[in-house]
Amino acid sequence: MRIGMLGAGTIAQAIARHAIRHGHEVVLSNSRGPGSLAPLVEELGTLASAGTPAEAAAADLVVLAVGWPQIPDVAARLPHLDGTVVIDATNQFEALPPHPRIADLGDLTGSEYVACLLPGARVVKAFNSLFAQYIAPDPRHEAGRQVLFLAGDDTDAKKTVIGLTSAFGFAPVDLGSLREGGRLMQLGGPLSGLHALKQD
């Protein structure tokens, strides 16, 4: 699979490394241009490349992992995502800790808002409830596999993400729709920041 990364920070890099270890091609992108990613691409090896956000969005599957304030600008620069599966790994931080501020979206969950900005995309919420330092290592532990909560409105898109992340070693748990499941795992929800292992 060819996986496009919108963002190249710690979460994007953690997911990219899992993908590369399992033989997937990864196209990284950021707001500073492909040239700024040359050292990272060299470190990641031959399955990694750098591109523009539009080039990353042309991949088979796309991971959105940029800061919350940047999402509208990134979305505006993308082509129409006709059926593309987009993993939304973002959290609605208008301002980051130590003085965090959560965006007020009214009745919308964070991923419903993201889906509105990406017409045609099949959005699956995942990875947002885990800190990057828990995403990056091997998710297989002696006591079990790292649980990965996910939510989405498209069953087939969720099956794709479940298959991919299961291969990485995670234990995906489908929480339902972007509304019900997304609310459980987004900032302020009971599953946000919950790190759990599934016993096998």
Side-chain angles (χ1 to χ4, degrees), residues 1-93 96 110-128 130 132 135-136 148 150-154 156-168 170 172 178 182:
M1 187 183 294
R2 189 172 173 86
I3 300 174
M5 311 297 299
L6 298 173
T10 54
I11 290 176
Q13 288 184 37
I15 298 170
R17 291 177 195 277
H18 283 299
I20 288 168
R21 276 196 293 270
H22 288 82
H24 301 286
E25 293 182 44
V26 171
V27 183
L28 294 139
S29 69
N30 64 10
S31 60
R32 297 184 300 280
S36 68
L37 296 169
L40 176 59
V41 167
E42 184 177 359
E43 177 195 342
L44 292 175
T46 56
L47 288 177
S49 62
T52 65
E55 288 168 338
D60 302 316
L61 179 144
V62 175
V63 177
L64 177 65
V66 299
W68 185 261
Q70 285 73 53
I71 293 175
D73 183 59
V74 171
R77 297 171 183 268
L78 300 181
H80 182 72
L81 300 175
D82 189 15
T84 301
V85 176
V86 175
I87 296 177
D88 174 19
T90 68
N91 278 307
Q92 61 271 34
F93 275 120
L96 294 172
S111 282
E112 286 178 309
Y113 172 77
V114 168
C116 289
L117 296 178
L118 299 174
R122 296 185 290 160
V123 175
V124 177
K125 190 76 168 180
F127 289 107
N128 68 296
L130 295 173
I135 297 172
L148 180 72
L150 61 91
D153 295 337
D154 187 289
D156 287 339
K158 287 194 287 188
K159 286 180 180 176
T160 296
V161 175
I162 287 170
L164 180 69
T165 56
S166 294
F168 291 173
F170 291 94
L178 291 179

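Only this structure's heavy atoms are used, side chains among them; waters, hydrogens and symmetry mates stay out. Source: prediction; values computed, not measured.
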Q.
Under the side-chain contact (heavy atoms from CB on, under 4.5 Å) test against V124, which residue among I162, L150, D153 passes?
A.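 The side-chain contact (heavy atoms from CB on, under 4.5 Å) with V124 is passed solely by L150 among I162, L150, D153.
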
Identify the two heavy atoms, one from [X] and one from [Y], that lie closest to each other, and give their separation to 0.1 Å.
X: A19; Y: V26; value: CB-CG2, 3.8 Å
X: G51; Y: S29; value: O-CB, 3.3 Å
X: L81; Y: A57; value: CD2-O, 3.7 Å
X: A12; Y: G7; value: CB-O, 3.3 Å
X: A132; Y: A14; value: O-CB, 4.4 Å
X: P39; Y: S36; value: CD-O, 3.8 Å

Using the test side chain to side chain contact (heavy atoms under 4.5 Å, CB included), find all partners of [X] that sit at least two apart in sequence or belong to another chain.
X: T90; answer: L64, W68, I71, D88, V114, K125
X: E112; answer: L108, T109, L178, R179
X: A50; answer: P34, L37, V41

Q) Taking only residues at least two apart or on different chains, which pairs with a member in residues 76-86 satisfy side-chain hydrogen bond (donor to acceptor under 3.5 Å, both in side chains)? A)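 Those involving residues 76-86 are D73-R77.
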
Q: Would you check if L78 and V62 make a side-chain contact, meaning some heavy-atom pair closer than 4.5 Å?
A: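 Answer no - side chains too far apart.
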
Can you check whether [Y]'s main-chain N or O pairs, donor with acceptor, with [X]'s side chain at less than 3.5 Å?
X: H18; Y: I135; value: yes
X: S166; Y: G163; value: no
X: N91; Y: F93; value: no
X: H24; Y: I3; value: no

Gap between atom [atom2] of [Y] and atom [atom1] of [X] - 0.5 Å precision:
X: T52; Y: L6; atom1: OG1; atom2: CG; value: 9.5 Å
X: L40; Y: Q13; atom1: CG; atom2: CD; value: 4.5 Å
X: T165; Y: K158; atom1: OG1; atom2: NZ; value: 12.5 Å
X: R17; Y: L47; atom1: CZ; atom2: CG; value: 13.0 Å

Q) With sequence neighbours excluded, what pairs up with E25 under the salt bridge (charged side-chain N to carboxylate O under 4.0 Å, His left out) test? A)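 In terms of salt bridge (charged side-chain N to carboxylate O under 4.0 Å, His left out), with neighbours along the sequence ignored, E25 is linked to R2.
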
Q | Non-neighbouring partners of D154 that pass salt bridge (charged side-chain N to carboxylate O under 4.0 Å, His left out), sequence neighbours left out | A |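 If we apply the salt bridge (charged side-chain N to carboxylate O under 4.0 Å, His left out) test to D154, skipping adjacent residues, the hits are R122.
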
Q.
Evaluate S49 against V27 for side chain to side chain contact (heavy atoms under 4.5 Å, CB included), listing each step before the verdict.
A. CA-CA 5 Å; S49 62; V27 183; 3.7 Å; yes

Q) Should the ring pair F170 and F127 be called parallel, tilted or perpendicular, given that the plane angle runs from 0 to 90° and is split at 30 and 60? A)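 Perpendicular, since the angle between the ring planes exceeds 60°.
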
